[in-house]
Colleague: 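Sharing a structure below in structure tokens format, with a few things to ask.
Residue numbering restarts at 1 for every chain, and letters A, B, ... go by the order of the sequence lines. FYI, side chains are in, hydrogens and waters are out, and symmetry mates aren't considered; it's all heavy atoms of this structure. What you see is a predicted model; the values in this text were computed from it and never measured.
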Amino acid sequence: MNKYSGDRVYWIIFIAPALLIVSLFFIIPVIGGFIYSLTDWNGLDKTINFIGLENYKNLILNNKRFYSALTHTLIFSFSITILQNCFGLILALVMDKNFKGRNFFRAVYYLPSVLSALVVSYAWSFILNPTMGALNVLFKKIGLNFLVQDWLGDAKLALFSIIFVVVWQYAGYSMVIYIAGLQNIPLEMYEASSIDGVNAWQKFRYITFPLLAPAFTINILLTMISTLKTFDHIFVMTKGGPGYATEVISTLLYRESFTNNNMGYGSAISVILFALITSVSLITLKYLRRRETAI
Amino acid sequence: MKKVLFKIIKYAVLILFAVFIVYPVFVVVMSSFKTTAEIYQDTFGLPSKLNFSSYVTAWVNGNLSTYYVNSVIITFVSIFFVVVLASFASFAITREDCMFKKVLYGAFVAGISIPYQVGILPLYLQMSKLNLVNNRLGLILIYVAFGLPFSVFVMSGFFRTIPKDIEESAIIDGCNNYQIYAKIVVPLSPTVITTVVIFELVTIWNDMFFPLIFISSKDLRTIPIGLLSFKGEFISNYPAMFAGVVIASLPLIIAYLLLQKQFIEGLTAGAVKG
């Protein structure tokens with residue numbers, strides 16, 4: 001029986017526009033990316049040759065710049081995931097209980113998440129400026145001259161300075177997710193443990209930490225995925241430099257594709273980025289979910 | 001005694017961290033009011049007077065007025081179409097008589113996990129064939145395409161929670177599918193629409209990547225890409241650059257302060273987006 005009056009194919013009308021736009025401007029180009037990665041096309045010529053996995057072979061076997069970009073991407077992603085989640089969790093633990101001014105502090109800590117990467121990068125580039133930046137001026141004033149550094153211009157420091165800026169921007173974001181997780185822990189758990197004479201550390205170790213597992217999963221996954229594809233902060237603060245010291249996969253992809261017109265090569269890099277993100281998220285998800293269910 | 005001490009330490013930590021977060025914002029605002037000389041002389045000093053001339057420089061000479069119009073048009077038109085098309089699609093996907101609904105839902109949701117860089121080159125070629133490079137409409141189409149997967153995910157999740165009885169009684173009253181959408185589903189969904197609007201607002205307004213690739217002419221730049229060009233145009237004119245940064249960020253900061261709860265919820269719902 002058709003309990004719905006009128007036509008049964010109304011859903012085509014409803015779904016068609018969205019499906020058309022997503023297919024045309026998202027799905028088809030993504031498939032195209034996979035196909036182009038198997039060719040030697042430079043994006044301009046009429047000739048296009050199918051070269052199989054040659055682009056991948058070149059990238060993986062003998063491309064130092066790709067390796068250094070991959071290494072930087074992994075360092076970047078790994079460090080931010082750890083730091084942002086540590087700070088986010090500590091903030092959430094402090095902010096969990098109700099106290100005067102809680103909403104004010106939450107609003108302040110979350111504020112940078114609303115700003116654009118560009119704005120944040122401009123502000124910090126200025127503060128980290130070697131000669132007039134607030135940080136170095138402060139260090140000079142208090143006599144810590146050995147800390148006066150060219151934070152974004154020194155090849156050894158630049159990547160870590162950017163890591164710092166990203167953590168500064170998004171620690172509040174992780175915090176909010178952890179606060180939501182903390183509020184899902186039933187109060188009776190803590191009450192019961194108080195009767196049993198459990199101390200604060202034990203409470204954290206045996207109640208809060210395990211029961212926070214779902215928030216951990218989402219937070220860690222989220223930070224990893226977004227940092228593996230980070231582009232804006234690096235492009236604005238260092239453009240991948242000095243030299244190639246802060247080159248990551250997404251800036252290399254941009255350079256190869258739109259500056260060097262290396263179509264097949266650029267596509268191969270983008271496919272590798274996709275594979276990297278997918279595999280890292282699947283592995284993490286599997287590991288963290290197992291941890292969730294183990295508890 | 002121990003409790004009081006603990007409280008003092010807690011607030012000290014909270015305030016210290018708040019200062020750490022606010023200071024860069026404070027530096028940007030103060031610098032926008034300084035003269036260039038003041039910036040070079042004293043990093044920590046306050047501006048000698050509230051000097052709005054940098055705002056005029058950024059707005060007029062820096063072309064920020066044009067970029068603003070572009071950003072407003074592109075952001076709002078994109079959000080409008082994301083909300084309308086996503087709600088259409090989600091409505092269809094969550095109806096019982098929709099064929100292939102699982103496949104269609106899967107097709108949209110798969111988009112969430114694909115990084116935007118993957119198809120960027122073929123997309124560029126395709127856009128230039130369609131004459132949509134360096135074109136506001138082109139950018140809008142891209143934002144709609146990239147906004148839909150997440151929005152369909154969030155919206156269909158919500159539509160599923162609408163009790164079937166409401167719809168069924170509407171059908172008995174003689175409502176057709178279009179009326180059910182317009183008169184029942186949409187009026188029940190302000191929360192989820194707000195979530196999508198806020199998420200897309202922050203994403204599109206702040207986006208630098210797509211205009212960097214698809215916009216080349218000065219008249220069509222959006223704010224982020226306009227600000228990026230400031231670096232070259234106003235070499236060492238930091239006050240003008242920071243005035244631009246303030247003007248660019250102000251609408252979102254004001255909206256955030258007014259709608260704090262909705263912003264945090266809206267953007268955290270984005271947590272599920274990969």
Colleague: With sequence neighbours left out, what residues match A/Pro130 under side chain to side chain contact (heavy atoms under 4.5 Å, CB included)?
Modeller: A/Asn136, A/Asp150

Colleague: Determine the option with the most heavy-atom pairs under 4.5 angstrom with chain A, choosing from B/Ile213, B/Leu85, B/Leu121, B/Leu148.
Modeller: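 Greatest number of close heavy-atom pairs with chain A: B/Leu121.
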
Colleague: Stepwise, does the side-chain contact (heavy atoms from CB on, under 4.5 Å) test hold for A/Phe104 with B/Leu14?
Modeller: CA-CA 10 Å; A/Phe104 167 79; B/Leu14 284 169; over 6 Å; no

Colleague: Please identify, among A/Leu24, A/Ile269, A/Thr131, A/Leu228, the residue contributing the most non-hydrogen atom pairs under 4.5 Å to chain B.
Modeller: A/Leu24

Colleague: As an exercise, state the distance from CE of A/Met175 to CD1 of B/Ile264, rounded to the nearest 0.5 Å.
Modeller: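 Rounded to the nearest 0.5 Å, the CE-CD1 separation comes out at 6.5 Å.
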
Colleague: With a 4.5 Å cut-off on heavy-atom pairs, point out which of B/Pro122, B/Ala255, B/Gly119 contacts chain A the most.
Modeller: B/Pro122

Colleague: Taking the side chain as C-beta and beyond, is there a heavy-atom pair between B/Ile93 and A/Trp11 under 4.5 Å?
Modeller: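 Heavy-atom side-chain distance check fails, nothing below 4.5 Å.
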
Colleague: In terms of heavy-atom proximity below 4.5 Å to chain A, should B/Ile223 be classed as side chain, backbone, both, or neither?
Modeller: neither

Colleague: Does any heavy atom of chain B fall under 4.5 Å from the side chain of A/Met95, the backbone, both, or neither of them?
Modeller: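 Answer is side chain: those atoms of A/Met95 sit under 4.5 Å from chain B.
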
Colleague: Indicate, with yes or no, if the rings of B/Phe209 and A/Phe235 have centres closer together than 6.0 Å.
Modeller: no

Colleague: So that I know where these two stand, are A/Tyr122 and B/Phe230 an aromatic pair - ring centroids less than 6.0 Å apart?
Modeller: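 Here the rings of B/Phe230 and A/Tyr122 have centres that are no less than 6.0 Å from each other.
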
Colleague: Tell me, out of A/Tyr254, A/Phe231, A/Phe258, A/Tyr109, who's got the most heavy-atom pairs with chain B below 4.5 Å.
Modeller: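 Among A/Tyr254, A/Phe231, A/Phe258, A/Tyr109, the one with the most close pairs to chain B is A/Tyr109.
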
Colleague: Can you name the nearest heavy-atom pair linking A/Ala123 to B/Val28, along with the distance?
Modeller: CB-CG2, 3.4 Å

Colleague: Might you work through the side-chain contact (heavy atoms from CB on, under 4.5 Å) test for A/Val108 and B/Val22, ending with a clear yes or no?
Modeller: CA-CA 7 Å; A/Val108 170; B/Val22 171; 3.6 Å; yes

Colleague: Any donor-acceptor pair under 3.5 Å linking the side chain of B/Gln126 with the backbone of A/Phe25?
Modeller: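 Side chain of B/Gln126 to backbone of A/Phe25, a donor-acceptor pair under 3.5 Å: no, none is there.
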
Colleague: Under 4.5 Å, counting heavy-atom pairs only, tell me which of B/Phe242, B/Phe263, B/Phe81, B/Tyr181 racks up the most with chain A.
Modeller: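 Heavy-atom pair counts peak at B/Phe242.
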
Colleague: What part of B/Phe20 is in contact with chain A, defined as an atom under 4.5 angstrom from a non-hydrogen atom: side chain, backbone, both or neither?
Modeller: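 It is both, since atoms from each part get that close.
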
Colleague: What part of B/Val118 gets within 4.5 angstrom of chain A, counting heavy atoms only: side chain, backbone, both, or neither?
Modeller: both

Colleague: Please lay out, stage by stage, how B/Trp205 and A/Ser116 fare under the test side-chain contact (heavy atoms from CB on, under 4.5 Å).
Modeller: CA-CA 8 Å; B/Trp205 184 267; A/Ser116 74; over 6 Å; no

Colleague: Under a 4.5 Å heavy-atom cutoff, which of A/Ala180, A/Pro17, A/Ala107, A/Gly32 has the most pairs with chain B?
Modeller: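 Top option by heavy-atom pairs under 4.5 Å: A/Ala107.
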
Colleague: Heavy-atom pairs under 4.5 Å with chain B - which of A/Phe87, A/Phe14, A/Trp124, A/Phe99 has more of them than the others?
Modeller: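 Looking at each of A/Phe87, A/Phe14, A/Trp124, A/Phe99 in turn, A/Phe14 comes out on top.
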
Colleague: Pick from A/Phe126, A/Phe34, A/Phe274: which one has the most heavy-atom pairs with chain B under 4.5 Å?
Modeller: A/Phe126

Colleague: Between B/Asn206 and A/Val114, is there a donor-acceptor pair closer than 3.5 Å when you use the side chain of the first and the backbone of the second?
Modeller: yes

Colleague: Please flag which part of B/Ser87 lies under 4.5 Å from any non-hydrogen atom of chain A: side chain, backbone, both or neither.
Modeller: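 Contact with chain A is absent: no heavy atom of B/Ser87 under 4.5 Å.
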
Colleague: Please enumerate all residues that pass ring-ring contact (aromatic ring centres under 6.0 Å, His included) together with B/Tyr105, with sequence neighbours excluded.
Modeller: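 Once residues adjacent in sequence are excluded, B/Tyr105 has no partner under the ring-ring contact (aromatic ring centres under 6.0 Å, His included) criterion.
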
Colleague: What option among A/Leu273, A/Asn219, A/Val271, A/Leu111 has the most heavy-atom pairs under 4.5 Å with chain B?
Modeller: A/Leu111

Colleague: B/Tyr178 side chain to A/Tyr10 main-chain N or O, any donor-acceptor pair under 3.5 Å?
Modeller: no

Colleague: Sort out for me which of B/Gln260, B/Lys261, B/Lys7 touches chain A most, counting heavy-atom pairs under 4.5 Å.
Modeller: B/Gln260

Colleague: Where on B/Ile172 is there a heavy atom nearer than 4.5 Å to chain A: the side chain, the backbone, both, or neither?
Modeller: neither

Colleague: Quick one, B/Tyr11 and A/Phe105 - any side-chain contact, counting heavy atoms below 4.5 Å?
Modeller: yes

Colleague: Could you check B/Gln117 against A/Ile249 for side-chain contact (heavy atoms from CB on, under 4.5 Å), going step by step and ending with a plain yes or no?
Modeller: CA-CA 10 Å; B/Gln117 290 106 331; A/Ile249 294 184; over 6 Å; no

Colleague: Measure the shortest side-chain to side-chain distance between A/Pro29 and B/Tyr124 over non-hydrogen atoms and say whether it is less than 4.5 angstrom.
Modeller: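 Result no, sub-4.5 Å side-chain heavy-atom pair not found.
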
Colleague: Please classify the contact between B/Tyr143 and chain A as side chain, backbone, both or neither, with a heavy-atom cut-off of under 4.5 Å.
Modeller: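 Neither part.
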
Colleague: Given the side-chain rings of B/Tyr116 and A/Phe26, with only the six-membered ring counted for Trp, is the space between their centroids under 6.0 Å?
Modeller: no

Colleague: When you measure from the side chain of B/Tyr256 to the backbone N and O of A/Leu115, does any donor-acceptor pair fall under 3.5 Å?
Modeller: no

Colleague: Quick one: what part of B/Phe17 sits under 4.5 Å from any heavy atom of chain A, side chain, backbone, both or neither?
Modeller: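 Looking at B/Phe17, backbone and side chain both touch chain A.
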
Colleague: Taking side chain as everything from C-beta outward and backbone as N, CA, C, O, which of these in B/Leu257 sits under 4.5 Å from a heavy atom of chain A? Side chain, backbone, both or neither.
Modeller: neither

